[in-house]
Every structure is written in structure tokens, then in C-alpha cells.
Amino acid sequence: MQQLGTLEDLPLEYREALSAQNLVPLWPSLRAVLPPGKPALRTRPTCWSYAALRPLLLQAGELTPIEKAERRVLVLANPGHGLEKMQASSSIYLGMQLLLPGEWAPAHKHTPNAVRMIVEGEGAYTTVDGEKCPMRRGDLILTPTGLWHEHGHDGSEPVIWLDVLDLPLVYYTETSYHVEGRAQEVRATLTERSYAHGGIVPSPVFSRGSAHQYPMLRYPWAEARAALLSLAESQPQLEAVQVAYVNPETGADCQNILGYSALMLRPGETLNLPVRSPAMVFHLIEGSAEVAIDGAPFALAPADTCCAPGYTPVSLKNRSTSEPAFLFIADESPLHKKLGVYEVRP
């Protein structure tokens, strides 16, 4: 490889003259921004234990009332980016959020896209664009860019969910902000009921389709789980039993920047994933699993979450030989494909 000149090779007087004009020579830093063969990865393989995190989140509920927090969240920060950056990967933010009985997290809207993967508890809801979405374990609820949303809790036990946002990217592009609002007027119906079965959507004869860019906001876990079990039974030859969360009218990813899916590991199954450019997040909904990232193993119990950098070998193993394991996956694939940098390596 060609050896490039360094900054120290240049006379101090010349460097100072460049700085005075806000100029920087490229060649001393060229290999840092364009490394050979593979990106310089800051994202590290990282795992967050729910058993260790949960008592700290509940303690946050005792220490900070919702009025002082607005959103009571512990951020799952990747040390490779620095904990102060509050990001799991270059484009993914993760946070574990707590809502206690009787609390209400006020309405707001913001430019980053968000989803909620419900971890535990009953009785809470998220109202998104006037649609009141009940929150049950394993449900995925969208709060897309620019839509009003708020959280309430009519139950008797704490409710906890995993937030996944594209905040790091939106913040990097200097387009991240929020607007505060008032409590929403709730619509009577759930849009998910219009899309209850694959291949069936509202009739196009007297309808031009949904007036909304996001026609479905809540993806119930009961239906996703049933679809995975049915897929495994009807197509045993499949290499991976996986379903994607998509826009039911277009078949496209349910949001613009990050992609979401659910995966079932058959009893005793080991699955070696293709090496791809996007970073990935794995959250165990049910069962017992192991994630090996570039050979480093992480044992996952229910509600544990881990992050794998892109361009890195990943394998998944069901540690049970009698029961399936179910994982929720978030990744940067839609972003990489839009940018034209999506890559699968042999």
C-alpha cells in the first residue's frame, strides 16, 4: 500500500496558513476516512442483560417522577461510540422505557422514526396519530416521523418496552427536533384490523387506499408468532424462519431508515447469518438463545438485547432442544439500500 505523507511532514508555517483559511490537507487523513477493504467499525459487539437492567429502571421510577423525565428511559449505549453519544450503532438508538400505573407521558412528535417492542406488563397504551394501540408483550408499535404520540397506563403493574429509533442518523444530518402537543382525540378503530390476513387489503374499487403513509401502526405479537410457527410447519426446508414487518399496502419496509423482522429458531437450531454491511440488533422475545458475533458468544435470556456491527460474522443458536426461540431484529438494511452501499460478503 502506498505510504502517504503525514501532517507533521508539512512546515508549521504552512499548516498555520491552512488553518487560518479553514483548510485541511486530505492526504494525511485519507486512509482514516477511506480505509482499505473494510470500513473502520466503531460499533462493538455489546449485550445488555434485562435482569441487570430492570432493577435500575424500576429504581429510576422511584427517583424521577414522570413529570421530571417526560420519557423515563435508560439508553443502551455502545461503548465503541462512547456512552455519551447514546447510540447502539451508527444509525440505531436503543432505550428501555418504563411507565408506571396511572402515569401519562405527554404527546409530542419528532423527526426521528421510532418503534416500541413491548417487553413486559399489561394495561398501557400508545396513542399514535389518534389511534390508541394497546401494549402487550412482543407487540411492535410504530411511531413514525412527524406523527403525534403519547403513552398512558390504566393498569396495575409497571410496563416496560424497548425503544428503537434512527436518532443517531437524523441527529447527524442536523434534522432532529421535537414539538410538544396536547392530548390526542382517539379514533374508535385499530388500523391493524383492516390488514388481519396476508394478501387481503381494503378494496381498491371504492377506496384509493390509506390516506396515511403508515397504514398499520401496531403489529400484534400473537399474529407474528402464529405466522412463524405456521411458516416453520408448512415449509420445513426453509433455511431461516423469519417474517418482516412491512407496509401492508405496498410490501415495503414499515419505516424508511431501519428494518424490522421476527425470527424463530427451531429447537436446537444453529443459524449462520450472511456477512452483511448493516449493523443488527437482536432482542429475545421468548426462549433461550446464544448470539456469536465474530466468534464472541453472548447467552440471551428473555428480554436481553445485543448489537452486532456490520461486516461481521454472526451466528444464532437455540439453546433449547425442545422449544423454539423467538427474536426481534432491527437493522440498517433499508438505509444501506437507499444509499447504495448495501453489501453481502461471501
(request) For Tyr171 and Gln87, run side-chain hydrogen bond (donor to acceptor under 3.5 Å, both in side chains): C-alpha distance rounded to whole Å, both residues' side-chain angles, the deciding distance at 0.1 Å, then the answer. (result) CA-CA 11 Å; Tyr171 180 78; Gln87 57 192 88; over 6 Å; no
(message) Using side chain to side chain contact (heavy atoms under 4.5 Å, CB included), reason through Met216 and Asn247 one step at a time and then give a plain yes or no.
(response) CA-CA 7 Å; Met216 187 168 168; Asn247 181 316; over 6 Å; no
(request) Quick one: do Asp9 and Thr6 satisfy side chain to side chain contact (heavy atoms under 4.5 Å, CB included)? Show the steps, please. (result) CA-CA 5 Å; Asp9 292 336; Thr6 68; 3.3 Å; yes
(request) State, yes or no, whether a side-chain contact exists between Ile329 and Gln242 at a heavy-atom distance under 4.5 Å. (result) yes
(request) Answer yes or no: is there a side-chain heavy-atom contact under 4.5 Å between Val159 and Glu103? (result) no
(message) Side chains of Ser91 and Tyr172, heavy atoms from C-beta outward: is any pair under 4.5 Å?
(response) no
(request) For Thr173 and Val170, indicate whether the former's side chain and the latter's backbone hold a donor-acceptor pair under 3.5 Å. (result) yes
(request) Considering non-hydrogen atoms only, spot the tightest contact between Ile285 and Pro302 and give its length. (result) O-CB, 4.2 Å
(message) So which atom in Leu76 and which in Met96 form the shortest heavy-atom distance, rounded to 0.1 Å?
(response) CD1-N, 3.8 Å
(request) Could you tell me which non-hydrogen atom of Leu258 sits nearest to which non-hydrogen atom of Pro334, and how far apart they are? (result) C-CG, 3.5 Å
(message) Within this structure, what is the NZ-CG distance for the pair Lys85 and Asn78, rounded to the nearest 0.5 Å?
(response) 11.5 Å
(request) Report the C-alpha separation of Arg116 and Thr143 in whole Å, then their side-chain angles, then the decisive distance to 0.1 Å, and conclude whether the side-chain hydrogen bond (donor to acceptor under 3.5 Å, both in side chains) test is met. (result) CA-CA 8 Å; Arg116 327 290 175 183; Thr143 53; 3.0 Å; yes
(message) Please check this pair: side chain of Ser261 against backbone of Ala244, looking for a donor-acceptor N/O pair closer than 3.5 Å.
(response) no
(message) Salt bridge or not between Glu131 and Arg218? Use side-chain N to carboxylate O under 4.0 Å.
(response) no
(request) Kindly assign one of parallel, tilted or perpendicular to the pair His110 and His108, based on the angle between their ring planes and the thresholds 30° and 60°. (result) perpendicular
(request) First locate atom CG of Leu263, then atom CZ of Phe282, and finally report the distance between them rounded to the nearest 0.5 Å. (result) 8.5 Å
(message) If you compare all heavy atoms of Ile141 against all heavy atoms of Pro134, which two are closest, and at what distance to 0.1 Å?
(response) CD1-O, 3.7 Å
(request) Could you tell me whether a side-chain N or O of Glu150 sits under 3.5 Å from a main-chain N or O of Gln184, the two making a donor and an acceptor? (result) yes
(message) So for atom CD, which belongs to Glu239, do other residues, nucleotides or ligands contribute more than 12 heavy atoms lying within a distance under 6.0 Å?
(response) no
(message) For Tyr214 and Gln255, which I'm curious about, is there any donor-acceptor pair between the side chains at under 3.5 Å?
(response) no
(request) Answer yes or no: is there a side-chain heavy-atom contact under 4.5 Å between Pro313 and Asn272? (result) no
(message) Within a 6.0 Å radius of atom CZ on Arg42, are there more than 12 heavy atoms belonging to other residues, nucleotides or ligands?
(response) no
(request) Answer yes if Leu34 and Leu4 sit in the same cluster of Ile, Leu, Val, Met, Phe, Trp and Tyr residues linked by side chain heavy atoms under 4.5 Å apart, and no otherwise. (result) yes
(request) Determine the minimum heavy-atom distance between Ser277 and Tyr342, stating which atoms define it. (result) OG-CA, 3.5 Å
(message) Do Phe326 and Leu229 have side chains that approach each other closer than 4.5 Å (heavy atoms only, starting at C-beta)?
(response) yes
(message) To the closest 0.5 Å, what do you measure between CD (Gln213) and CG (Asn256)?
(response) 5.5 Å
(request) Using a 4.5 Å cut-off on heavy atoms from C-beta on, say whether the side chain of His153 contacts that of Pro101. (result) yes
(message) With clusters defined by side-chain heavy atoms of hydrophobic residues (ILVMFWY) lying less than 4.5 Å apart, directly or transitively, does Tyr93 cluster with Leu98?
(response) no
(message) Quick check on the hydrophobic clustering: are Leu327 and Val115 connected, directly or via other members, by side-chain heavy-atom contacts under 4.5 Å?
(response) no
(request) Please step through side chain to side chain contact (heavy atoms under 4.5 Å, CB included) for the pair Arg71 and Asp163, ending with a clear verdict. (result) CA-CA 11 Å; Arg71 300 298 196 263; Asp163 291 324; over 6 Å; no
(message) Given 3.5 Å as the limit, does a donor-acceptor pair link the side chain of Ser230 with the main chain of Ala226, or not?
(response) no
(request) Report yes or no: do Leu162 and Val128 belong to one cluster of Ile/Leu/Val/Met/Phe/Trp/Tyr joined by side chain heavy-atom distances under 4.5 Å? (result) yes
(message) So, taking the atom named CD in Glu16 and the one named CD in Gln21, what distance separates them when rounded to the nearest 0.5 Å?
(response) 13.0 Å
(message) For Glu269, is there any backbone N or O sitting under 3.5 Å from a side-chain donor or acceptor partner on Asn318?
(response) no
(message) To check you understand the geometry: which heavy-atom pair defines the closest contact between Ala51 and Asp304, and what is its length?
(response) N-OD1, 4.3 Å
(request) Quick one: pull up CD1 in Ile66 and NE2 in His151 and give me the separation to the nearest 0.5 Å. (result) 8.5 Å
(message) Applying a strict under-4.5 Å side-chain criterion to I, L, V, M, F, W and Y, I'd like to know whether Leu57 and Val164 cluster together.
(response) yes
(request) Using the test ring-ring contact (aromatic ring centres under 6.0 Å, His included), find all partners of Tyr219 that sit at least two apart in sequence or belong to another chain. (result) Tyr245
(message) Regarding Arg276 and Asp331, does a basic nitrogen lie under 4.0 Å from an acidic carboxylate oxygen?
(response) yes
(request) Decide yes or no for Glu157 and Glu120: does some side-chain heavy atom of the first lie under 4.5 Å from some side-chain heavy atom of the second? (result) no
(message) Taking Trp221's backbone N and O only, do any of them form a donor-acceptor pair with Asp139's side chain (distance below 3.5 Å, no angle check)?
(response) yes
(message) For Val119 and Arg54: C-alpha separation, side-chain torsions, deciding distance, then whether side chain to side chain contact (heavy atoms under 4.5 Å, CB included) applies.
(response) CA-CA 11 Å; Val119 174; Arg54 185 179 185 275; over 6 Å; no
(request) Calculate, to the nearest 0.5 Å, the distance between atoms CG and CG belonging to Leu339 and Leu169 respectively. (result) 8.0 Å
(message) I'd like to know if the side chain of Ser89 and the backbone of Ile92 have a donor-acceptor N/O pair within less than 3.5 Å.
(response) yes
(message) Has Asn113 got a side-chain atom pairing as donor or acceptor with Pro144's backbone, closer than 3.5 angstrom?
(response) no
(message) Tell me if the CD atom of Glu185 is crowded by more than 12 foreign heavy atoms within 6.0 Å.
(response) no
(request) Check whether any side-chain heavy atom of Leu167 sits under 4.5 Å from a side-chain heavy atom of Ser176, and report yes or no. (result) yes
(request) Step through the shown structure and confirm whether more than 12 heavy atoms of other residues, nucleotides or ligands are within 6.0 Å of CD on Glu180. (result) no
(request) Give a yes or no on whether the backbone of Asp129 and the side-chain of Arg187 come within a donor-acceptor separation of less than 3.5 Å. (result) yes
